[in-house]
Amino acid sequence: MERVLLLLICFLLLSQPNNCSSSLSFNSSTPLCHSHQSSALLHFRNSFSVGDSISFCDPPKNSWKMGTDCCGWDGVTCDTMTGHVIAVDLSCSRLEGPIHPNSTLFSLRHLQRLNLAYNDFNNSAISSKFGGFANMTHLNLTESSVAGNFPSEISHLSKLVSLDLSEFWPKN
């Protein structure tokens with residue numbers, strides 16, 4: 001009789017849903033950053049040198065590491081359903097150098113928010129490729145040393161609600 005009772009208890013315990021394992025499986029199904037997007041982000045950031053600290057900016061954190069989930073990197077936000085990078089904030093990152101038109105930044109097609117304020121992009125022209133960000137709602141290039149003519153492709157950003165180009169220097 002004890003054996004039957006023990007088997008019955010084991011059966012009942014095993015047949016009950018295990019909340020711990022079901023929450024674990026939920027967490028493991030949360031999408032991670034796509035590898036091509038993390039590579040594009042790293043390549044973009046590494047295409048610049050890092051300059052002196054800006055007085056009003058905190059020193060940037062360096063959580064961007066190859067082989068880690070870019071959705072957990074400082075300044076990177078991913079869509080919780082798809083894992084696509086939807087926001088990048090590299091403001092005050094002390095980046096120095098031009099933004100090249102063939103930059104890997106432009107492969108991040110799902111970007112909605114981009115903040116590159118307070119960097120020194122050596123009077124780079126704003127690339128016409130910025131117009132390819134069909135989902136872009138916020139673009140901030142405040143005091144980032146961009147210059148030149150404003151590309152007409154920016155008008156393709158039909159979802160844009162905020163464009164900050166403070167200290168933008170158009171060419172004469």
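No experiment lies behind these values; they were computed from the predicted model shown.
For the ring pair (Phe, Tyr, Trp, His ring centres under 6.0 Å) test, residues two or more places apart in sequence or in another chain that qualify with Phe48 are Phe44, Phe121. With sequence neighbours excluded, no residue forms a side chain to side chain donor-acceptor pair (under 3.5 Å) with Asn115. Applying the side chain to side chain donor-acceptor pair (under 3.5 Å) criterion to Ser63, with sequence neighbours excluded, gives Asp74.
Of the possible polar contacts, none joining the Thr77 side chain to the Ile86 backbone as a donor-acceptor pair under 3.5 Å is found. Checked by atom type and distance alone, the side chain of Ser124 pairs as donor or acceptor with a backbone atom of Ile99 at under 3.5 Å. Counting only distance, with no hydrogens or angles, the side chain of Thr104 and the backbone of Ala40 share a donor-acceptor pair below 3.5 Å.
Taking the six-membered ring where tryptophan is involved, the planes of Phe130 and Phe106 are perpendicular, since the angle between them exceeds 60° and thus also 30°.
Note: Leu160 CG to His138 NE2 = 8.0 Å, rounded to the nearest 0.5 Å. Distance check: His34 NE2 to Ser39 OG gives 12.5 Å after rounding to the nearest 0.5 Å. Taking CD1 of Ile154 as the start and NZ of Lys129 as the end, the distance is 13.5 Å to the nearest 0.5 Å. Atoms OG and CG, from Ser93 and Asp120 in turn, are 13.0 Å apart once rounded to the nearest 0.5 Å. With values rounded to the nearest 0.5 angstrom, Leu165 atom CG is found 8.0 Å from Ser144 atom OG. Separation of atoms OG1 (Thr142) and CG (Leu163) is listed at 9.0 Å; rounding is to 0.5 Å.
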* To do: Please report the C-alpha distance between Cys78 and Cys70 in whole Å, then the side-chain angles of each, then the deciding distance to 0.1 Å, and finally whether the disulfide bond (SG atoms under 2.5 Å apart) criterion is met.
  => CA-CA 8 Å; Cys78 296; Cys70 74; 4.5 Å; no
* Go through the steps for Leu139 and Phe133 under the test side-chain contact (heavy atoms from CB on, under 4.5 Å), then give the verdict. => CA-CA 10 Å; Leu139 177 59; Phe133 292 122; over 6 Å; no
* **Derivation of the side-chain contact (heavy atoms from CB on, under 4.5 Å) call for Leu114 and Leu105** => CA-CA 10 Å; Leu114 179 61; Leu105 174 70; 4.0 Å; yes
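Hydrophobic clustering of Ile, Leu, Val, Met, Phe, Trp and Tyr side chains at less than 4.5 Å, counting indirect connections, unites Val76 with Met66.
Atom NE2 of His43 is surrounded by 12 or fewer heavy atoms from other residues, nucleotides or ligands within 6.0 Å.
Of all the heavy atoms in Arg113 and Thr137, the pair that sits closest is CG-OG1, 4.0 Å. Nearest heavy-atom pair across Leu42 and Lys65 is CD1-C, 4.3 Å. When all heavy atoms of His156 and Gly131 are compared, the closest pair comes out as CB-O, 3.6 Å. The two residues Leu90 and Asn119 come nearest to each other via the heavy atoms O-ND2, 2.9 Å.
Contact of the Asp89 side chain with the Asn140 side chain is not registered, since no non-hydrogen atoms from C-beta on lie closer than 4.5 Å. Counting heavy atoms from C-beta on, the side chains of Cys33 and Val85 come closer than 4.5 Å.
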